[in-house]
Amino acid sequence: MIDVRLLRANPAEVRAALARRGDPELDQVVLRAQAADDRLREITARRDQIRARVNELSREVGRLRREGDVEAAEALQGESRELGSEESVLAAEHDSMAADLRELLLVIPNIPNADVPDGVSDADNPVIAGPYLPEGGEEGFAEHQRVPHWEIGAQLGILDNERATKIAASMFTMQRGAGATLARALCQYALDSNADAFEEVRPPTLVSTATLTSTGQLPKFADDAYAIERDDLWCIPTAEVPLTSIHAGEILDQAELPLRFMAYSPCYRREAGSAGRDTRGMLRSHEFDKVEILALSTPEQAPVLLTEMIGRVERMISSLGLHHRAIEICTGDLGQSHHRSVDIEVYAPGCGQWLEVSSVSWFSDYQARRADIRYRPLDDEGRPQKGTALVHTLNGSALAVPRVWAAILETHRQADGSVAVPEVLRPYMRGIERIG
RNA sequence: GGAACGGUGGCAGAGCGGACAAAUGCAGCCGCCUUGAAAGCGGCCGGCCCACAAGGCCCGGGGGUUCGAAUCCCUCCCGUUCCGCCA
């Protein structure tokens, strides 16, 4: 959520900043939120005045009763009772107005960072690092590398999506033999590579509605998530969801920040808006594995962490012998909760596509406000300051398995049709150097 | 799933219809004392809404009874223990 107080104090600024996202309907929502906030404060003030009077009368009644003046007490009780019914009307009005305001605020996206470039769609996302390609660029790959991974997977018997579909439904995948081992090895490698700075967590992968709302998936994107209605739980689309909420509702000490977590988890996505796209191979599926890295920080630490996390992802991709580039997401393509976001894409020579394998994002205090994650700020001398402040959250995929799996098959395919296993993965694959 | 008992501030733990945002202890902060520290002494010491103050709200969530609820009633959630079931 954005800060209502900011909207109150600088409505023009907030509207201008949000206008950069290019959503023509958004401004109306912002204006309605502003009106709801005005109305809410007015009702609150009136309600509180009545409550103050009722409290005063009740104290007086107590005193009179102790003194034995029943008649006077009963007179005041009558007055108080009348005020009470007036109060309950205003209280109901207050509650429904507060709910209205919250509903509006929950669908207003985050304010983009000033450094985010303007643009209307993904076509406007500038490349900010790379592309790191072999001699000759995208054309510089050998003929034996120009085979799509679904064909390689079939040739080597390590990808069996036909049977995955039989067992589950379309858009599910199944890796077998060395293909399954490779998928697992990628996860373990990613976890081990980030263990120097991140605490490993094995979180729940089914979460409550409140948890899925905190990170921004609900209420707006309910169609994208698998719901288990009978138990009022949701399948997580990413480990970002449970990891962000680890400290929901808590007040942290500034000295503990930044807190860093990483988790392997399966990720479940209905892909409601992308039916029929990327239906072959491993490029898009309803269930996949991912290692996520995440941090809770002060506002000052956040931009530094963003840079660090991007660097970690780039090094990981390079260490696997893959070719990548980094893309800065423009205002028109920025996700709802994102304050600033950078995608890492890997070139897959077999299908001839740049594949998004990671998205590293800074959420400012947007998720923290929804999840109510605060800290006690320290002053320059290290003494606690008055009050609390919201943390900033950041996260990124350290490694998303399917697309990296695909890029490895295509990039490391040899002239004889086998696939060379990147050196760093071999210890995680019982020493296997070559598939096929 | 059944039964019993619980859920109060950072932690521990009192309060069980009125003067309670809530005793007390620990932790924390400021000062005194000290060469420094500990101990001791004095003070401060939860959060939220509201521009501040005034005022209001918060004793697991929601609802009810009452002039008045941390305290009584209902309901849901969570925890502990025992039983059942189970990897």
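Protein chains get the first letters and strands the later ones, always in sequence-line order, with residue 1 at the start of each. Predicted model, so just to flag it, every value in this text is computed and none were measured. Quick note: numbers below take in every heavy atom, side chains included, and nothing from hydrogens, waters or symmetry partners.
Nucleotide rG36(B) forms no Watson-Crick or G-U wobble pair with any nucleotide shown, as no partner meets the under 3.5 Å limit on both distances. Nucleotide rA87(B) has no partner under the Watson-Crick or G-U criteria, as no pair reaches both atom distances under 3.5 Å. Nucleotide rG68(B): unpaired (no Watson-Crick or G-U wobble partner with both distances less than 3.5 Å). In this structure rA3(B) sits in a base pair with rU81(B), meeting the Watson-Crick or G-U test at under 3.5 Å. Partner assigned to rC26(B) is rG10(B), using Watson-Crick or G-U wobble distances below 3.5 angstrom. Pairing partner, rC45(B): none, since no Watson-Crick or wobble contact has both distances short of 3.5 Å.
Residue R376(A) is in sugar-phosphate contact alone, with no base atom involved, counting any heavy-atom pair closer than 4.0 Å across all strands shown. Among the protein residues, R65(A) comes within range of the nucleic acid bases, having at least one heavy atom under 4.0 Å from a base atom. Residue R63(A) is out of contact with every strand shown, counting any heavy-atom pair closer than 4.0 Å. Residue contacts for D253(A): at a heavy-atom cut-off of 4.0 Å it reaches no nucleic acid atom on any strand shown.
Using atom C1' as the reference point in both rC16(B) and rC11(B), the two lie 23 Å apart (nearest Å). Across rA69(B) and rG43(B), the matching C1' atoms stand 33 Å from one another, rounded to whole Å. rC59(B) and rC72(B) have their P atoms separated by 14 Å, given to the nearest Å. Using P as the reference atom, rC41(B) and rA54(B) are 33 Å apart when rounded to the nearest Å. Taking atom P in both rU80(B) and rG15(B), the straight-line distance is 24 Å, to the nearest Å. The separation of rU71(B) from rU8(B), taken at their C1' atoms, amounts to 11 Å, rounded to a whole angstrom. rA19(B) and rA27(B) are spaced 31 Å apart, taking the P atom of each and rounding to whole Å. Atom C1' of rC73(B) sits at a distance of 7 Å from the matching atom of rU65(B), rounded to the whole Å.
Among residues two or more places apart in sequence or in another chain, the salt bridge (Lys or Arg N to Asp or Glu O under 4.0 Å) test is passed with R315(A) by none. With sequence neighbours excluded, the residues forming a side chain to side chain contact (heavy atoms under 4.5 Å, CB included) with D232(A) are T209(A), listed by chain and number.
Near RNA chain B, meaning a heavy atom under 4.0 Å from it, residues 72-89 of chain A has Q77(A), S80(A), R81(A) in order of number.
Smallest separation of non-hydrogen atoms from I373(A) and A248(A): CG1-CA, 3.9 Å.
Nearer the 5' end of RNA chain B, as judged by each residue's closest nucleotide, is the contact made by R47(A), out of R47(A) and V54(A). Residue whose closest nucleotide on RNA chain B sits further toward the 5' end, between R374(A) and R8(A): R374(A).
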Output a table of donor-acceptor pairs, distance under 3.5 Å, between side-chain atoms of residues 171-179 of chain A and any protein atom two or more places apart or on a different chain; print 'none' if there are none.
residue: T173(A); atom: OG1; partner: Q175(A); partner atom: OE1; Å: 3.0
residue: R176(A); atom: NH1; partner: D160(A); partner atom: OD2; Å: 2.9

Name the atoms and distances for all side-chain donor-acceptor pairs under 3.5 Å in residues 262-270 of chain A, with sequence neighbours left out.
residue: Y264(A); atom: OH; partner: D289(A); partner atom: OD1; Å: 2.7
residue: R269(A); atom: NE; partner: P237(A); partner atom: O; Å: 2.9
residue: R269(A); atom: NH2; partner: P237(A); partner atom: O; Å: 2.9
residue: R270(A); atom: NH1; partner: D223(A); partner atom: O; Å: 2.6

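Taking CD from E287(A) and SG from C235(A), the interatomic distance works out to 9.0 Å, rounded to the nearest 0.5 Å. Note: I43(A) CD1 to H94(A) NE2 = 7.5 Å, rounded to the nearest 0.5 Å.
Ring-plane geometry between H392(A) and W362(A) is classed as tilted, the angle between the planes lying from 30 to 60 degrees on a 0 to 90 degree scale.
Judged by distance alone, the side chains of T215(A) and E240(A) never bring a donor and an acceptor atom under 3.5 Å apart.
Within a 6.0 Å sphere centred on CD of E250(A), other residues, nucleotides and ligands contribute more than 12 heavy atoms.
Reading RNA chain B from its 5' end, the first and the last nucleotide to sit under 4.0 Å from a heavy atom of chain A are rG18(B) to rG68(B).
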